[in-house]
Amino acid sequence: MTTPHTASIIDGNALSAQLRADVMRRAMALKARGITPGLAVVLVGDNPASQVYVRNKVKACADAGLHSVLERYDADMSEAALLARIDALNQDPSIHGILVQLPVPKHIDANKVIEAIAPEKDVDGFHIASAGALMVGQPGFLPCTPYGCMKMLESIGYDLRGKHAVVIGRSNIVGKPMAMLLLQKNATVTICHSATADLKAMTLQADVIVAAVGKVNVLTADMVKPGAVVIDVGMNRNAQGKLCGDVDYAGVREVAGHITPVPGGVGPMTITMLLVNTLESAERLV
Ligand code: NAP
C-alpha cells in the first residue's frame, strides 16, 4: 500500500520564532552600545483590520525587545497634519523605522505619505527609493511580505537558479517586489494578474508559485505541478468566516512538494521581517 502524498509544510510560526530570537539577541547587543531600535507605527482612522495589524506589530516589537510607539489619529486628520507628524518622526533619533498603516482615509494621498518617510527609515520598503533600489539591485529595505516569502524558500534550502517561478498578483507591495526578488535569485519569473488569459497553463509550468491575490481558491490542485513549492500570501475569510489564503490548501497539499499554511505561514513572517528591517536600520548607526 502506498502512503498518500502530502506536501511538507513551511511553518511560518516556527521560522519566525527562530528569526525573532536572532532579532532579540542583536537588539540586546545594540542596547549595550546605547541604541534601542525603535519603530513608529502611525494609524489614521479606525479600520478594524488595521487596528489588529498595528496591535500585532507593536506587540511583536515589545516581545523582541524593540522600542515602539503607536500614534493613533482620528479619520478626519488632515494630510498636512499627517505629513508634519512624519517629518517629526524622520527627525526623531529614537525612531529607526516609520510605518504608516495602509489604507489611509480617502482624503489623504497614500503615495505622498509614503514618499514623506525618510528612505533610511522606510522599514515597510514601500518608498519609491526602496522600490527603485530593489529594481536595480542596490541595497535598501525590502518589503516585508515578499522578503518573508524569500526567507521561507531559504529555510527549505531551495535553489531558485533556473527554476520557473509564477507570481499571481502584481501589486506594488507584494507581487511586483516578489517577482524582482525571485529574479535576483536567478529564477525565470512569470507574473500573472487579472487579465492573464490562462492562469492554469502558467501555474502548471511552475516550480514555485506565489499566490498574492486576495481571493479564495485562486489556486486549486489541478493547477499545480507535482512537487511544486506553493507560497500562499492571501488573507481571506471563507464562507464560514475562517481565515484562509488564496490556495485550496487541502487539495493542493496532496500535489505540492512544499506549502505554506494560512494562518501560520506568510502572515507571521511579514511581521518578523518588519522587526528585522527596524533592527537593521538601527544597526546601520554603529
Ligand atoms: P491587491 O493590491 O488587491 O492585488 C491583487 C492582485 O491580484 C492584482 O494584481 C490583481 O490583478 C490580481 N488578481 C485579481 N484577481 C485575479 C485572478 N482571478 N487571477 C489572477 N490574478 C488576479 O492585493 P495585495 O495587497 O497584493 O494583497 C494580496 C493578498 O495578500 C490579499 O489577500 C492580502 O490581504 C494579502 N496580504 C497578506 C499579507 C500577509 O502578511 N500575509 C501581506 C500583504 C497582503 P490586477 O493587477 O490586474 O488587478
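Residue numbers start at 1 and run along the sequence shown. Ligands are counted one by one from 1 in listed order, and the atoms in each one are counted from 1 as well.
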With a 4.0 Å cut-off on heavy atoms, does [X] reach ligand 1?
X: Thr196; result: no
X: Val218; result: no
X: Gly175; result: no

May I ask which of [options] has a heavy atom nearer to [atom] than the others do?
atom: atom 17 (C) of ligand 1; options: Ala49, Ser194, Pro143; result: Ser194
atom: atom 4 (O) of ligand 1; options: Cys144, Ser171, Gly234; result: Ser171
atom: atom 23 (O) of ligand 1; options: Leu219, Val213, Asn236; result: Val213

How about [X] and [Y]: do any of their side-chain heavy atoms sit closer than 4.5 Å?
X: Ile10; Y: Ser155; answer: yes
X: Tyr53; Y: Leu99; answer: no
X: Leu219; Y: Asp248; answer: no

Close-contact set for ligand 1 against [X] heavy atoms, below 4.0 Å:
X: Gly169; value: 6 (C), 7 (O), 9 (O)
X: Gly267; value: 40 (O), 41 (N)
X: Ala212; value: 5 (C), 6 (C), 7 (O), 28 (C)
X: Ile168; value: 20 (C), 21 (N)
X: Gly214; value: 29 (C), 31 (C), 32 (O)

statement: Among non-hydrogen protein atoms, atom 27 (O) of ligand 1 lies closest to Val174 CG2, 4.3 Å
query: Between Glu120 and Arg284, is there a salt bridge with N-O shorter than 4.0 Å?
result: no
Residues Lys215, Asp246: salt bridge by 4.0 Å N-O rule: no
Of the side chain and backbone of [X], name the one, both, or neither that has a heavy atom under 4.0 Å from an atom of ligand 1.
X: Met269; value: neither
X: Thr270; value: side chain
X: Thr145; value: side chain

- prompt: At what distance, to the nearest 0.5 angstrom, does OG1 of Thr196 lie from CZ of Arg170?
  reply: 7.5 Å
query: Is there any N or O on Ile173 that sits under 3.5 Å from an N or O of ligand 1?
result: no
message: Just by distance, no angles: are the side chains of Asp122 and Ser130 close enough, under 3.5 Å, to form a donor-acceptor pair?
response: yes
